[in-house]
Undergrad: 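Got a structure for you, questions after.
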Amino acid sequence: MFPDIFIDTLEEPKGEISDSGVDFLFDYETGQHIMKGAVLQECTARNTVRQYIQNVLRTKRNLYKVHTKGEKEAFGLSIYDYIGTRSLPMGYINSELKREVTELLLRHPMISEVKDWTGKREKRDLNISFTAVLTDGSVLEVSQTAGV
């Protein structure tokens with residue numbers, strides 16, 4: 001009665017950004033979601049990736065149980081334990097930060113490459129900048145301060 005051959009018709013087109021659900025815009029300076037009237041504003045695909053990058057850069061590893069429970073790999077950066085200390089050379093901290101950030105960003109299905117990494121020390125902070133290349137070929141320029 002039913003055919004013996006099953007054809008999966010839900011394949012995603014290659015090279016296009018797929019949507020993994022609904023995300024809402026968040027203002028990291030105020031710590032509030034962005035609303036228009038009484039309605040939360042939805043993110044575009046680029047804004048979703050930008051917010052994921054901000055979450056990676058701002059989250060200390062193993063700080064919250066939600067980031068470790070049931071996960072194979074922990075979310076967040078362990079490098080925050082070392083920023084501001086004088087016991088490790090800044091070159092080591094910069095290279096570890098680059099490695100951790102790159103590994104976490106490449107887990108996102110819309111990010112294909114992280115390139116043009118620079119890290120400069122200013123007092124107790126580390127100013128980093130890099131380019132995230134998305135699967136559709138567009139790029140996101142990121143500049144962030146890590147530390148304190």
Side-chain angles (χ1 to χ4, degrees), residues 2-3 5-85 90 93-148:
F2 295 105
I5 302 172
F6 178 75
I7 300 173
D8 187 11
T9 59
L10 299 176
E11 293 181 16
E12 292 184 22
K14 298 201 184 300
E16 294 183 16
I17 293 179
S18 64
D19 189 14
S20 59
V22 177
D23 288 321
F24 298 104
L25 285 173
F26 188 79
D27 186 349
Y28 287 93
E29 290 181 17
T30 63
Q32 301 287 322
H33 280 92
I34 298 174
M35 299 180 75
K36 188 172 187 179
V39 179
L40 289 170
Q41 295 299 298
E42 291 185 17
C43 288
T44 62
R46 285 179 63 89
N47 285 337
T48 299
V49 174
R50 190 172 294 280
Q51 286 188 178
Y52 177 78
I53 292 170
Q54 284 296 315
N55 288 338
V56 165
L57 295 175
R58 293 171 180 262
T59 304
K60 183 177 179 181
R61 184 171 295 207
N62 299 329
L63 185 61
Y64 303 107
K65 287 185 182 181
V66 70
H67 292 143
T68 59
K69 189 172 184 179
E71 295 293 324
K72 293 179 183 175
E73 300 176 29
F75 183 81
L77 301 174
S78 66
I79 203 69
Y80 278 105
D81 295 334
Y82 308 112
I83 292 177
T85 64
M90 202 59 185
I93 292 174
N94 188 28
S95 65
E96 276 300 295
L97 184 62
K98 177 183 177 181
R99 182 190 61 77
E100 284 188 351
V101 168
T102 302
E103 286 177 3
L104 286 170
L105 293 184
L106 291 178
R107 287 186 199 172
H108 196 283
M110 294 183 201
I111 299 175
S112 63
E113 182 183 4
V114 178
K115 62 180 186 176
D116 301 330
W117 181 276
T118 59
K120 295 180 183 176
R121 182 181 180 148
E122 290 190 18
K123 298 184 182 179
R124 295 185 65 205
D125 296 335
L126 181 63
N127 294 327
I128 58 173
S129 61
F130 58 88
T131 302
V133 180
L134 305 184
T135 55
D136 68 349
S138 62
V139 296
L140 288 174
E141 299 291 332
V142 179
S143 183
Q144 181 78 24
T145 300
V148 181

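When reading the values below, keep in mind they use all heavy atoms of this one structure, side chains included, and skip hydrogens, waters and symmetry mates. Fair warning: this is a prediction, and the values are worked out from it, not measured in the lab.
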Undergrad: Out of curiosity, Thr48 OG1 to Ile53 CD1, how far, rounded to the nearest 0.5 Å?
TA: 11.0 Å

Undergrad: Hey, what's the ring geometry for Phe130 with Trp117, parallel, tilted or perpendicular (30° and 60° as the breaks)?
TA: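 It falls in the parallel class, under 30°.
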
Undergrad: Going through the distances and angles, do Gln41 and Phe24 end up as a side chain to side chain contact (heavy atoms under 4.5 Å, CB included)?
TA: CA-CA 6 Å; Gln41 295 299 298; Phe24 298 104; over 6 Å; no

Undergrad: With sequence neighbours left out, what residues match Thr118 under side chain to side chain contact (heavy atoms under 4.5 Å, CB included)?
TA: Ser129

Undergrad: Report the residues that fulfil side chain to side chain contact (heavy atoms under 4.5 Å, CB included) with Gln51, sequence neighbours left out, ordered by chain and then residue number.
TA: Leu25, Phe26, Tyr28, Cys43

Undergrad: Do Met110 and Arg46 have side chains that approach each other closer than 4.5 Å (heavy atoms only, starting at C-beta)?
TA: no

Undergrad: Quickly, which of Leu105, Val114, Leu57, Val101 forms a side chain to side chain contact (heavy atoms under 4.5 Å, CB included) with Val142? Name it, please.
TA: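 Result: among Leu105, Val114, Leu57, Val101, Leu57 is the only option passing the side chain to side chain contact (heavy atoms under 4.5 Å, CB included) with Val142.
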
Undergrad: With Glu141, which residues qualify under side chain to side chain contact (heavy atoms under 4.5 Å, CB included), at least two apart?
TA: Thr131, Val139

Undergrad: Does Leu134 offer a backbone N or O that forms a donor-acceptor pair with the side chain of Ser138 under 3.5 Å?
TA: no

Undergrad: Does the pair Arg99 and Glu103 meet the rule for a salt bridge (Lys or Arg N to Asp or Glu O under 4.0 Å), with working shown?
TA: CA-CA 6 Å; Arg99 182 190 61 77; Glu103 286 177 3; 3.2 Å; yes

Undergrad: Considering non-hydrogen atoms only, spot the tightest contact between Pro109 and Thr135 and give its length.
TA: O-CG2, 3.4 Å

Undergrad: Quick one: does Ser112's side chain have a donor or acceptor within less than 3.5 Å of a partner on Val133's backbone?
TA: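 It does hold such a pair.
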
Undergrad: How long is the straight-line distance from NZ of Lys120 back to OG1 of Thr145, given to the nearest 0.5 Å?
TA: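 It is 12.0 Å, given to the nearest 0.5 Å.
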
Undergrad: Run Val49 and Ile111 through side chain to side chain contact (heavy atoms under 4.5 Å, CB included) and show every step you take.
TA: CA-CA 8 Å; Val49 174; Ile111 299 175; 3.8 Å; yes

Undergrad: Just verifying a value: how many Å separate Gln54 CD and Asn47 CG, rounded to the nearest 0.5 Å?
TA: 11.5 Å

